[in-house]
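Presented below is the structure to which this report refers.
In what follows, chains carry the letters A, B, and so on, assigned in the order in which the sequence lines appear, proteins first and then strands, with residues in each chain numbered from 1.
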Number of protein chains: 2
Amino acid sequence: MSVAAPLRSRKAQIDGTATALFRAQGFAATSMRELALAVGLEAGSLYSHVRSKEEILHRVCFGLAEDFFAAFAAATTDDGQPVAQRLRQAIEAHVRVLTQDVAASTVFLHEWRHLSEPARTEFVTLRDRYEAGFRALVQQGTAAGELHCPDPAFAALTLLASLNWLPTWYRPDGKLTPDEVAHRLAEQLLGGLLFQ
Amino acid sequence: MSVAAPLRSRKAQIDGTATALFRAQGFAATSMRELALAVGLEAGSLYSHVRSKEEILHRVCFGLAEDFFAAFAAATTDDGQPVAQRLRQAIEAHVRVLTQDVAASTVFLHEWRHLSEPARTEFVTLRDRYEAGFRALVQQGTAAGELHCPDPAFAALTLLASLNWLPTWYRPDGKLTPDEVAHRLAEQLLGGLLFQ
DNA sequence: TAGGCTTGCTAACGCTCGTTAGCAAAAAAA
DNA sequence: TTTTTTTGCTAACGAGCGTTAGCAAGCCTA
């Protein structure tokens, strides 16, 4: 039995470090030698654990996509409640995934462009399907008279937009817990800023 | 008098083409040879018009920063009106700058990280100062009882966040004019989605 | 017409990139 | 114990990078 068993496998450690570097500098501006140094290996040694640089990006992007879909499904399957409530839960679920791993979220949101085909197209398709889920909720809510907006598709788009800038400013060590951030965001987006 | 005088100077053409490439692929993933090809020159010839690759990025980032400051100032100097109205105008002004040149906006929002010091720090300082302008508006509006939010700083942050995702989805040839987009966004963010 | 700036070319510089081959030690499996 | 797998190293590959030097042709000014 090894005395100091690694908490994470080397592969997971490489993925995590790469994610942090991709976030800070971008995929293209991060070299395998840089990654190796951060992990404590030589450049060539990385390839004992990882097939290529892009494979890491692929895993991060599609891994997070799964997280988003799972969270959305869990938040919206309860059909008993009003649509607005389910939308609120979907918002909070989205924020929770974002805050859970800010680095991975940033990579998911910005670095997927560096995937080569066909992964890139596959990713965009997933992304569109996820957005369609939000759009459907807003549409149902509007139809049911629970929400008011001139254009549900537009509203859904800008709603997600509001959430997806979060990784650029959110700090895990800030004074608000992830759940508080999620709640306030949902409150502000659904209720608006105007006093009424 | 030359028959086919260029509409833009070569330098402006290079800046514009580079901006489009930086937007589509990122600064680091765009090579000077690629840029030269897109402009119709050889790689070395670019340096007759441009000092370095980073100089282009610098011009784009700081140029747009000026645009944002100018638009914000013009939108908020009229002290006669209520704060909420001035905030609405600031939002619409921000959106107008974003939509005016989506490519440059995207570079401004994402690629500034590739500036080297001291330009990078200088840029971040400008960005912070701009955000502080919005924060002050929201704070004044809340103090005046025109806006209701638990945390003005948080609200200002997420307000700008909502706007800054726009370049990722906005299409100039879409069915909404820039002014309509600006108006709807302001409406939705200030009024919220909930029917009330 | 002469001089100097502007614009663009070709060729090359030193450097870094992602990745691979070949080998050695350690760890796990038999 | 022997064998196999895992992990890591060094060295190097071909390619692409940003940038520069040196030169030629075209243009404006005098």
Side-chain angles (χ1 to χ4, degrees), chain A residues 1-22 24-61 107 111-117 119-120, chain B residues 1-22 24-61 107 111-117 119-120:
Chain A
M1 173 189 167
S2 71
V3 180
L7 292 175
R8 296 186 293 175
S9 71
R10 256 278 131 99
K11 187 168 170 178
Q13 185 196 356
I14 290 172
D15 281 3
T17 308
T19 303
L21 289 172
F22 291 169
Q25 313 174 336
F27 175 79
T30 302
S31 73
M32 291 298 268
R33 284 167 178 83
E34 209 174 355
L35 172 57
L37 184 69
V39 168
L41 290 178
E42 292 300 316
S45 311
L46 289 173
Y47 290 84
S48 297
H49 307 272
V50 145
R51 228 180 303 273
S52 70
K53 188 185 174 188
E54 185 175 335
E55 192 212 28
I56 305 176
L57 178 64
H58 188 284
R59 211 163 26 242
V60 175
C61 288
V107 172
E111 303 301 323
W112 58 268
R113 291 181 288 128
H114 297 104
L115 291 169
S116 51
E117 298 296 353
R120 194 186 142 119
Chain B
M1 175 189 164
S2 70
V3 180
L7 292 174
R8 296 185 294 175
S9 71
R10 258 276 131 99
K11 188 168 169 178
Q13 186 195 356
I14 291 173
D15 281 3
T17 309
T19 302
L21 289 173
F22 292 170
Q25 314 173 337
F27 176 79
T30 302
S31 74
M32 291 300 269
R33 282 166 179 84
E34 210 174 354
L35 171 58
L37 184 69
V39 170
L41 289 177
E42 292 300 316
S45 311
L46 289 173
Y47 291 84
S48 296
H49 308 271
V50 145
R51 227 180 304 272
S52 69
K53 187 185 174 189
E54 183 174 335
E55 193 212 26
I56 305 175
L57 179 64
H58 187 284
R59 211 163 26 241
V60 175
C61 288
V107 173
E111 302 301 324
W112 58 268
R113 290 180 290 128
H114 297 104
L115 291 169
S116 51
E117 299 296 353
R120 193 185 142 120

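B:His58 approaches B:Ala119 most closely through the heavy-atom pair CD2-CB, 3.7 Å. Nearest heavy atom pair, residue A:Leu21 against residue A:Thr30, reads O-OG1, 3.4 Å. For the residue pair B:Phe27 and B:Lys53, the shortest heavy atom distance occurs at O-NZ, 2.9 Å.
Rounded to whole angstrom, the span from the CD atom of A:Glu42 across to the P atom of C:dT19 amounts to 17 Å. A:Lys11 places its NZ atom 17 Å from the C1' atom of D:dG8, with the value rounded to the nearest Å. The separation between B:Glu54 atom CD and D:dG18 atom P is 12 Å, rounded to whole Å. Separating the CG atom of B:Leu37 from the P atom of C:dC9 is a distance of 11 Å, rounded to the nearest angstrom. Note: CZ (B:Arg51) to C1' (D:dG18) measures 16 Å, nearest angstrom. Atom CD of A:Gln13 and atom P of D:dG8 are 9 Å apart (whole Å). Atom CG of B:Leu46 and atom P of C:dT10 are 13 Å apart (whole Å). Residue A:Leu41 contributes atom CG, which lies 10 Å from atom C1' of D:dC9 at whole-angstrom precision.
Of the candidates C:dT19, D:dT19, D:dC9, D:dT19 carries the atom nearest the B:Ala43 side chain, counting heavy atoms from C-beta on. Of all nucleotides listed (C:dC9, D:dC9, C:dT19), D:dC9 comes nearest to the side chain of A:Ser45. The side chain of B:Ser48 has C:dG8 as its nearest neighbour among C:dG8, C:dT19, D:dT19. The nucleotide whose nearest atom lies closest to any side-chain atom of B:Met32 is, among C:dT10, C:dT19, D:dG18, D:dG18.
Along DNA chain D, the nucleotide nearest A:Gly44 and the nucleotide nearest B:Ala28 are compared for position; the residue whose nucleotide lies closer to the 5' end is A:Gly44.
In terms of modelled atom types and a separation under 3.5 Å, the side chain of A:Arg120 and the main chain of A:Trp112 share no donor-acceptor contact. In terms of modelled atom types and a separation under 3.5 Å, the side chain of B:His49 and the main chain of B:Ala12 share no donor-acceptor contact.
The phosphate of C:dG8 (OP1 or OP2) has a side-chain N or O of B:His49 nearer than 4.0 angstrom. Contact check, B:Tyr47 against D:dT20: no side-chain N or O comes under 4.0 Å of OP1 or OP2. A sub-4.0 Å separation between OP1 or OP2 of C:dC17 and a side-chain N or O of A:Ser31 is present. Remark: B:Arg10 is not in phosphate contact with C:dT6, judged by side-chain N or O atoms under 4.0 Å from OP1 or OP2.
With hydrogens and angles ignored, a donor-acceptor pair under 3.5 angstrom links the side chain of A:Arg33 to the base of C:dG18.
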